[in-house]
Amino acid sequence: TLPYATDQTKEIWHSIQLLWSQWSREQQKHVRLLGVGVSDFAGDKSVQRSLFEDEASGEHRKVDQTIDSVRAKFGMTSLRSADTLGRPPQ
C-alpha cells in the first residue's frame, strides 16, 4: 500500500517493481502469473498535492492524461509501450 494517493502510472509501476524485487529475493519459487490491483480511487479534486511536487511529476501526469484521452477515443490498443510491440494486443 502506498502511503499517499497517486494518479501517476510511473509511481505505481515503481512500487510494483520494488515489491517484486523484495518478494523475489525471499522466495525461491517460479511465478507463472502475477496480478496487480489498484483501489480506493479518488477524483483529481479530492487529492491534496504536495507543495513541493517536482516539475517531472506534473509532466508525467500530463502524459498519463494524454494517453488516457487517446485510448478513450481510439481504443485501448491505440497506444502501447514499446516493450509490448512484439506481442499481440490484449
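Predicted model, so just to flag it, every value in this text is computed and none were measured.
Here the closest non-hydrogen pair linking Thr9 and Asp64 is N-OD2, 2.8 Å.
When the side-chain hydrogen bond (donor to acceptor under 3.5 Å, both in side chains) test is applied to Ser24, no partner is found at least two apart in sequence or on another chain. Taking the side-chain hydrogen bond (donor to acceptor under 3.5 Å, both in side chains) definition, one finds that Asp68 meets it with nothing, sequence neighbours left out.
Distance check, rounded to the nearest 0.5 Å: CG of Leu18 to CH2 of Trp13 gives 12.5 Å. Considering CD of Gln8 and CD of Gln65, their distance stands at 9.5 Å, rounded to 0.5 Å. With rounding to the nearest 0.5 angstrom, the CD atom of Glu11 is 7.5 Å from the CZ atom of Arg61.
By the 4.5 Å heavy-atom criterion applied to side chains, Trp20 and Val31 are counted as neighbours. Counting heavy atoms from C-beta on, the side chains of His14 and Lys10 never come closer than 4.5 Å.
Under the 4.5 Å side-chain heavy-atom criterion for grouping Ile, Leu, Val, Met, Phe, Trp and Tyr, Val36 is not connected to Ile67 through any hydrophobic cluster. Hydrophobic clustering of Ile, Leu, Val, Met, Phe, Trp and Tyr side chains at less than 4.5 Å, counting indirect connections, unites Val63 with Val70.
Arg71 contributes no side-chain N or O that, together with a main-chain N or O of Thr77, makes up a donor-acceptor pair within less than 3.5 Å.
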